[in-house]
Structure formats: structure tokens, C-alpha cells
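Let me begin by presenting the structure, written as C-alpha cells, before commenting on it.
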Number of protein chains: 2
Amino acid sequence: MLTAGAMMKGARLSYAESGGTVSDPEHPKGDPTRPVTISYIAETAGVSIPTVSKVVNGRPGVAADTRARVEALISEYGYRKTNRKNVMELVFGELEDMWGMEIIRGVERVAREQRVGVVLTEFGPPQDSVGHPIGDMLARRPACVVTVAQLSQEQRDELQAKDIPFVVFDPTTELPDGVPYVGATNWAGGRSATRHLAQLGHRRIAMIAGPDRILGCRARLDGYRSALEVAGLSVDTDLVVRAELTTQGGRVAALDLLSGPERPTAIFACNDLQALGVYQAARELGLRIPADVSVVGFDDLPVAALVDPPLTTVHQPLNQMAAAATEMALALGRGERPQIGLELATTLTVRESTSSPADQ
Amino acid sequence: MLTAGAMMKGARLSYAESGGTVSDPEHPKGDPTRPVTISYIAETAGVSIPTVSKVVNGRPGVAADTRARVEALISEYGYRKTNRKNVMELVFGELEDMWGMEIIRGVERVAREQRVGVVLTEFGPPQDSVGHPIGDMLARRPACVVTVAQLSQEQRDELQAKDIPFVVFDPTTELPDGVPYVGATNWAGGRSATRHLAQLGHRRIAMIAGPDRILGCRARLDGYRSALEVAGLSVDTDLVVRAELTTQGGRVAALDLLSGPERPTAIFACNDLQALGVYQAARELGLRIPADVSVVGFDDLPVAALVDPPLTTVHQPLNQMAAAATEMALALGRGERPQIGLELATTLTVRESTSSPADQ
DNA sequence: CTGAAAGCGCTTACAG
DNA sequence: CTGAAAGCGCTTACAG
């Protein structure tokens, strides 16, 4: 065995001499297909294996310059723990037809570029005890996790304890400071949807608001209020109705709003499913969209462009949000310190479900 | 160290005595959260670690009864190699909003039950050389592969060479005998869609057929023809129009069919997207569905229930097909010999886009 | 067929 | 801060 001093001076050569029949000192034992191991990095850096282990796992007890040198080699040789597999996890509470695919696509795109496999996990409802998705996920030792499921504090602690970085996708509740997340600008989206209606000349603009327990719903509602104020319109509490984020919820709320004596000329729904419920209600009441009532949704689900009339809605950049979350998670997995909290801008997509009330 | 004989008699106890402060002999070192290791299985079975290793990896050189005993313990304690890649791959050519999620769900459900992670891979168009999805997939050494992408003969050969079993999901071309696949009963589905229209009393039933290169489209067309014959109706070649499987394709074909002098009273579209194109065409021509023309689709995409009127369509059990493909692939991965070729029954979902021509 | 021995990549606890 | 030592789960090559 060589001394540490000898290793520091001519590390690569000494490795080659001690180990194998090497001609190319760039690769361990001269075999380019052989994975770079912790011992190779240690020898090349002129430090011990435990020191590299500490750097790799982000543990303290390594001098800054030593750490820097080792990190440089790790990145130069593309070292990865052989049993730390090259996969990340994408966790859903439940795989939703309407939203899921855009998220999956965004994650997949970035992961593919970085040559990381994506394991898709569905936690399912807690009472559904089929399988052990959480334990199985931890056993896979993923490089990082992007979670669409709202993890409990316990689950987050468990990931932290196992040193698996994670990013929460579109959090529905307030997270403690320091928990990485990617969301959308819900407040700004609610504001621009409402401003659009006000600019078309609507004065009686109703909102079907979602449940208060969902943070994004509150933000959308506040955006609605803010835009009304800016437009010099008062917030009429009769024009705000709560409903679950479903087609049925939207339908019932809209029947309520549209059956009254002084019905609104426009409805902003908290999401597209609710907006489709407004379509149903309008049909039932014999009202035309947008001639009798304008409708704006939120999300821009694929179905929004397919319905009749095509739905004006606030586009959530799910694909880009997912990509950003994945980049963040993978960076954390590499031990980098990215910005850990992002909201991506929503954009209003104007289709044919809105018009000026003058047309009515 | 205890002798093998002593271990065979009181294996669990001996492990507890030798190792730790155990009270519950059911779990290694008394810790139920601690994973079951190869050494625990070896000691419990009264064999050496290498012997268990051979069993786990399916290598020869183990007596049949020893193997059986070890396998029983492995299954009893749910042993899994800590670093073993307990993953399978689900491969898409392109992740499609409309179809993908149901497939993913079906795969996920079965994989979760069998405690296997699902790595989702998108091959992407060949010219898109970002990443190396195929090589990366092989490097992950998955237990098996379910592929929605139509693999080339070469790719199939490569998987075979690496001993990775695979199942083709809904093959669009004829496969060589012996290639495992799961599809749907396209011919029967085309037949029942057409029979439904004939039973409603339609005599002029048109079909928008898909491209001939897609096997399932040919089957649906033949099902249409077969049902017409059974109903005593002649196959009028003017009533069969080819179109790509898109909304635009369906629209153009429907405009063609519905603008003629003797227009059909019903249209069977080869898929739901085409059927949505028929909706557009009808709107443009001022025709009502189903009053002026009945429409049947194929696939039962989520959007089918949401459009106005809700679309009568042939339901493809994508979820069950995916589950069956996954069971097949995992069984192949375990070295079993399942039935390797299945078509799952489609079912007609009658909604509101079809009615008797008498109503017209 | 079986398992002792050597070895691999990596982690942990701890002495200096 | 550093790394020698012990240890872990597992694999491989080989002696019996």
C-alpha cells in the first residue's frame, strides 16, 4: 500500500501501478466501462475512502478545500455510488387523468436529459394497504423525490433522516420554511382572469371559489378580489360561492348563481372541472355561453380546448413546473444549493367562452 | 459460531442468541423495521450465505429441496436484496395525454401489489437524441419491460439477448409468433359499435376508418363490415372514408360524408378523436347530434363523457390491459410461463350521441 | 451440492 | 479534520 503522501503526488499513476494492467489512467483499472468507485476517487484525490464518503453524503467533518477537491473529481469522473441507483421518484397521491400526464412529461424530459430513471409511485389512499409504497420507495434509495402527493410532516422527516432530498409539487398547504417546492402564481392567475372579465365590461362577476383548506384556492380568490378592487368594482359576497373542485360542485354552484334574480354576467371558476359544471348548469337553464354568461376556468386541462365553446382559462404551466421541480430535486441530490421555492407564472388563455356583456 | 446442525434445529433462536437483544424471533435483531438480510435467511434456513445468494439469483448448484426451503423462507419473510433493482420499465414512444394515464394506472396497481417499482421511460422520436433512454434502460437491468412503444425487431432482439422479458402493449403491427402481447378485441368492438347503430334502425351507416398500417384499425373496419352483413345491409364503399386518427382527420372525413346528397344517418369513427372531429363538422354544417346524425367513437377517452352530447363509444379496458401486461411481464421475469398473448374484451358504452333515425 | 474464504463498494464509530 | 479499523450486505471463485 502506498502512503498518503505518495498518493497525493502521483495518484493516478500509483493507482494504475498498484491495481492493474492499465494504460489509460483516466479510467479505473483501465476499463472505461468499469464504474468509477469511491476508492478510485479517494486515491485520485489523495484522501481516504471515509473522507470521500462524507463528501458524497454531504456530512460534516471535511475541510472546505478537501471537500472542494473531492467534489471536483466526483464531477469530473461522474462518480455515482454504485448502489445509489440512478433513479429518482415521482410520487403521486393518486394518478389523476386530467393533470398527471403533463407533470409526468415535464419530469421525464429533465430526467432523461440528466440520464436519470423516473420511478413512478402512487401512494394511494392511506386505508388502501396494498403494498408498502413508502417503504419500498425508501428501499430503492432514490437520488431524489418530486412529490405531487402532500406528504405528512412525518413522511418529510423520514426522507430528511434518510438524506433523500425532495421537492413538493404545487403544495396545497403552507409548508415550513426551507421545504423545497414549486408552485404556480395562483394569486396573479386569479387576478388576470378577473381583470379579463372586467376589461370586457362585466360588472357582475361571480366566483366559484374552492375549499379554503387548499392554499391555491385562497390565493385565486384573493386575486379575484384584488382585480375587482382595481377595476373599481365592489366585492359582492353573494357573488362568491364555495364548491368542491369537481364538475358537480361547479354545476350546483352555478345553478345557484344563475337562478337568482340578478344573475352575474360572468363566472370565474376556481378550476376547469368547475367551469365544465358551469357549462352543464348553463345548458340546463337554457343560457348560452358566452352570449348569456361568460366563463373562465383555471388549469387549462387538455379538455378545455375541446369543449364547446372552447374554454377561456388560466394556464398553469404544469410541464415547466414539473421540469423545474425535477431540476431542483436533482440539484439537491447532487449536493448543490439551488433556489428552493419557486412559483411559475400562469398565463391567461383566451378562447371562446368569454365575450363582452354588450353582446348579450 | 453455531454449527449448521444446531442452526437447522433452532435457527431463529440461535440467531437471536448469537446476534442481539431479541425478544421477537420473527425479526432480525428484534427490530421489525430492520430489513431482512441474506444472512438472516441463511441462518434461519440453516444454510450458508452463498447458497441463499445462488437461490436468490436463480443460479444453478443448489439441491432442489434446499432451494425449496430457502425459497419458502424468502417469501415468508419478504426478503429482497437491499441493493437489488426491484424495478420494471414501462416504455412509451411518446407520453400521450389522452391514453397514457389509464395505462400507467393499470401498470402501477399491479406493480405496487408485487412491490416492484415502475420506471417510466419515454423513447421519444428517434431523431430526438437527447439522452440515451434505451441504453440507460438496459443499464438499469429491469426485471421486465412493458412497452407501449412499438419496438423494432432490433430492439426486441437486444432485450432478448440481455434476458429481459418484455410484453408489447396493444401492438399496432403483426408480431412474430411468441412475442408476448396484450391487446383489445378490436374486431369485436367494431362489430358491436356497428350493430348498435343497426339495431337502432340505421340503414346508411358510414365509417371513418383509420390508416391500414395500423392493425387495430383494420380489425375495427372488418368488424364494421361483419356487423353490416349480419344486419343484412350492404357495404357501400362510398360510406367508408380513410382518415388519420386525429380530430382534424375526423372533421375532414365527416365534412366529406355529410355534405353529399345522400348523407349517412350514422357515423362510426375509428377512434374518439375522430369522433370529436365529427362533432366539429356537424356544428359547421348545422347538424344536430344525435337528431341529425348519430356518432359512435372508439377508445372511451376521459373526454368522451365530458363533451356535449356525451359520446357513445367502444370502451377499451386500458387499465385492465395494462394490468394484464404487467402481470404477464412480471411472471416472465420470475421465469414462469404464462399465456403470452391476450386480447381483452371491449364493451360498448352507450351515451347520448346515438339515437334511432326515426327520431330524426 | 455446499460453504469457507476473499473480495467489493460503501458506511460508521472513533482514536488521534 | 482525518483516516485506520471494523463492519455490512452481497458476490464470486473454488476446494472439498
Side-chain angles (χ1 to χ4, degrees), chain A residues 1-8 11 15 18-20 28-29 31 34-71 74 77-86 139-141 143 161-164, chain B residues 1-8 11 15 18-20 28-29 31 33-71 74 77-86 141:
Chain A
M1 197 55 182
L2 296 163
T3 65
M7 281 193 275
M8 278 222 252
Y15 182 88
S18 72
K29 317 218 167 166
D31 180 353
R34 196 177 173 119
V36 176
T37 64
I38 197 173
S39 76
Y40 180 68
I41 297 292
E43 203 153 351
T44 309
V47 299
S48 71
I49 288 168
T51 297
V52 178
S53 179
K54 283 172 210 166
V55 172
V56 164
N57 295 293
R59 298 206 199 294
V62 182
D65 61 330
T66 308
R67 187 180 292 273
R69 190 152 38 93
V70 171
E71 275 170 351
I74 283 171
Y77 288 103
Y79 167 73
R80 332 213 106 204
K81 287 192 257 195
T82 51
N83 80 23
R84 168 78 139 221
K85 288 179 309 149
N86 232 348
R140 267 174 238 129
R141 306 193 155 274
K162 307 232 166 175
D163 221 16
I164 299 174
Chain B
M1 197 58 184
L2 295 163
T3 65
M7 281 191 275
M8 277 221 253
Y15 182 87
S18 71
K29 318 219 166 165
D31 179 353
T33 70
R34 195 177 172 118
V36 176
T37 64
I38 198 172
S39 76
Y40 180 68
I41 296 293
E43 204 154 347
T44 308
V47 299
S48 71
I49 288 169
T51 297
V52 178
S53 179
K54 282 172 210 166
V55 171
V56 164
N57 294 294
R59 298 206 199 295
V62 183
D65 59 333
T66 307
R67 187 179 293 272
R69 191 152 37 93
V70 171
E71 275 170 351
I74 284 171
Y77 289 102
Y79 166 74
R80 334 215 102 197
K81 285 192 260 194
T82 52
N83 77 17
R84 182 203 165 158
K85 14 51 198 318
N86 233 331
R141 308 200 147 269

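Lettering of chains follows the sequences in order, A, B, ..., and the numbering in each one begins at 1.
One interatomic measurement links the two molecules: CZ of A/R69 to P of D/dC1, which rounds to 14 Å at whole-angstrom precision. Going from atom OH of A/Y40 over to atom P of C/dC10 covers 14 Å, rounded to whole Å.
Between atom CD1 of residue B/I41 and atom CD of residue B/E71 there is a gap of 11.5 Å, rounded to the nearest 0.5 Å. If you take CZ on A/R59 and OG1 on A/T51, they are separated by 13.5 Å, rounding to the nearest 0.5 Å. One finds the OG atom of A/S48 at 9.0 Å from the CD1 atom of A/I38 (value rounded to the nearest 0.5 Å). For the atom pair CD (B/E43) and OG1 (B/T37), the distance works out to 9.0 Å, reported to the nearest 0.5 Å.
With pairs defined as Watson-Crick or G-U wobble and both atom distances under 3.5 Å, the stems of at least three pairs that touch DNA chain C come out as C:1-3 with D:14-16, C:5-12 with D:5-12, C:14-16 with D:1-3.
Contact record, B/K54 with B/R67: O-NH1, 4.4 Å, taken as the closest heavy-atom pair. Nearest heavy-atom pair, B/A45 versus B/V70, reported as atom, atom and distance to 0.1 Å: CB-CG2, 4.1 Å.
Between A/V47 and A/R69 there is a side-chain heavy-atom pair separated by less than 4.5 Å.
Toward the 5' end of DNA chain D, the nearer of the two residues B/I38 and A/I49, judged by each one's closest nucleotide, is A/I49.
With D/dT2, C/dC10, C/dC1 as the choices, the nucleotide that has an atom nearest any side-chain atom of A/A63 turns out to be D/dT2.
A distance-only check finds a donor-acceptor pair linking the side chain of B/T44 to the backbone of B/Y40 [under 3.5 Å].
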Close N/O contacts between protein and nucleotides 12-16 of chain D (under 3.5 Å):
unit_1: D/dT12; atom_1: OP2; unit_2: B/R59; atom_2: NH2; d: 3.3

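If you take atom C1' in D/dG7 and the same atom in D/dG3, they sit 16 Å apart, rounded to whole Å.
Taking side-chain N and O atoms only, A/T66 has a distance below 4.0 Å to OP1 or OP2 of D/dT2. At C/dT2, none of the side-chain N or O atoms of B/S48 fall inside 4.0 Å of OP1 or OP2 (strictly under the cut-off).
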